[in-house]
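Here is the structure we will look at, set down as structure tokens.
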Protein chains: 2
Amino acid sequence: MKDAISILRQCDIQPTPQRIAVVEYVLKCKTHPSADDVFTHARKNCPTVSRATVYNTLNLLVEKGLLGMQTIREGAVIFDANVEKHHHFIDDDTGDIYDIPWDQLEVKGKGKLKDFEIFEFQVIMHGRRKKK
Amino acid sequence: MKDAISILRQCDIQPTPQRIAVVEYVLKCKTHPSADDVFTHARKNCPTVSRATVYNTLNLLVEKGLLGMQTIREGAVIFDANVEKHHHFIDDDTGDIYDIPWDQLEVKGKGKLKDFEIFEFQVIMHGRRKKK
DNA sequence: CTTTCACCTTGACATTGTCTAAAATACTAA
DNA sequence: TTAGTATTTTAGACAATGTCAAGGTGAAAG
């Protein structure tokens, strides 16, 4: 992955130490962190970063298309470094969220919804991940 | 629709005036109200009902299967008097949420997800409702 | 009448998220 | 370099969502 500074520059965002700390965590995070998760981890590399800056930076990244935002869990929005289209599976036991590749599922019948213009869609599944 | 008192009795919930006010609004509501919406409307019929009682009653109804709960909108959980399986369409302009009948869409490929045991799923769509 | 029990209310509390004012920092131009 | 301007950051206030505990109310049973 490109380094945080190039990524920010490429999107016309000034790379400050605070933003770098946020980007370095959130864009290489394999899980689906909440804003507070990002705040906690960003503090490790940049102990002075404030909550407001974390929120500002996350919103900036989402605006620029570098980060996905999902409202599939109760209580807090979660962020997703994977900005490719994909579906989501939520393990109800652990709360873990898994990305499901876009081409694994096919949704048929959207053409029948004459009253609706669909910009985007996804399948949300709940269940339990099988033990290996 | 059956009256609120019978519905509550049928589920072994004591029908108090507060609970009746909540049930009467939320179970005949065609939209997808938040807990606060329910609170506001229940107050009209029962001006002393408290926020805590509204939350308690809503959680009871969800437990008993009389009410659906969805976490598809930012900021607050929404409730759904329609407890049949269905999909959801969210109008990004207005924030309105529409139920999409279950048999209008078909999701194929779930069998390929060998690592996951799916309890339930739905399609969430975002877009704009076409003007008539 | 008193006890008991379920219920309700109030208010405290934690969490998420936004906003503002002021301080700190970083660019720009002479 | 220095002054001036623009951008960022911070701390704290604030509002909204939701849960919880403590105490109050009221009805039924003995």
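Not measured: the values here are computed from a predicted model. Lettering of chains follows the sequences in order, A, B, ..., and the numbering in each one begins at 1.
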### Task
List for me each residue that meets side chain to side chain contact (heavy atoms under 4.5 Å, CB included) alongside Pro15(B), sequence neighbours excluded, and say none if there are none.
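Testing Pro15(B) for side chain to side chain contact (heavy atoms under 4.5 Å, CB included), a comparison that skips the adjacent residues, returns Ile5(B), Leu8(B), Arg9(B), Ile20(B).
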
### Query
With Arg43(B), which residues qualify under side chain to side chain contact (heavy atoms under 4.5 Å, CB included), at least two apart?
Phe39(B), Val49(B)

### Summary
Whether each nucleotide of nucleotides 23-30 of chain D has a protein heavy atom under 4.0 Å at its base (B), only at its sugar-phosphate (S) or at neither (-) is summarised, 5' to 3', as --------

### Task
Anything under 30° is parallel, anything over 60° is perpendicular, the rest tilted; go ahead and classify Phe121(B) against His87(B).
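Rings of Phe121(B) and His87(B): tilted, as their planes differ by 30° to 60°.
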
### Query
According to the interplanar angle, ranging from 0 to 90°, do the rings of Phe89(B) and Phe116(A) count as parallel (below 30°), tilted (30 to 60°) or perpendicular (above 60°)?
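The rings of Phe89(B) and Phe116(A) sit tilted, inter-plane angle from 30° to 60°.
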
### Query
In Å, rounded to the nearest 0.5 Å, how long is the span from CD1 of Ile124(A) to CD1 of Ile72(A)?
4.5 Å

### Query
Rounded to the nearest 0.5 Å, what separation is found between the NZ atom of Lys85(B) and the CD atom of Gln122(B)?
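With rounding to 0.5 Å, NZ (Lys85(B)) is 11.0 Å from CD (Gln122(B)).
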
### Message
Of all nucleotides in DNA chain C that come within under 4.0 Å of a heavy atom of chain B, which is furthest toward the 5' end and which toward the 3' end?
### Response
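Under 4.0 Å from chain B, the extent on DNA chain C is dA6(C) to dT10(C).
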
### Message
Strictly by salt bridge (Lys or Arg N to Asp or Glu O under 4.0 Å), give each pair with a member in residues 87-99 of chain B just once, sequence neighbours left out.
### Response
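Sorted pair list: Asp93(B)-Arg128(B).
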
### Query
If you look only at pairs with a residue in residues 58-83 of chain A, which of them pass as a salt bridge (Lys or Arg N to Asp or Glu O under 4.0 Å), with sequence neighbours excluded?
none

### Query
Between residues 58-66 of chain A and DNA chain D, which residues have a heavy-atom gap below 4.0 Å?
none

### Message
Among residues 33-57 of chain A, which ones have heavy-atom contacts with DNA chain D below 4.0 Å?
### Response
Thr48(A), Val49(A), Ser50(A), Ala52(A), Thr53(A)

#### Entry: Qualifying residues under salt bridge (charged side-chain N to carboxylate O under 4.0 Å, His left out), relative to Glu106(A), sequence neighbours excluded
none

### Pair listing, side chain to side chain donor-acceptor pair (under 3.5 Å) test, anchored in residues 47-60 of chain A, at least two apart
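Qualifying pairs: Asp36(A)-Arg51(A), Ser50(A)-Thr53(A).
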
### Query
Looking at residues 10-17 of chain B, who's got a heavy atom less than 4.0 Å off DNA chain C?
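Output list: Gln14(B), Thr16(B).
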
### Task
Any ring-ring contact (aromatic ring centres under 6.0 Å, His included) involving residues 61-86 of chain B? Give me the pairs, sequence neighbours left out, ordered by first then second residue.
His86(B)-His88(B)

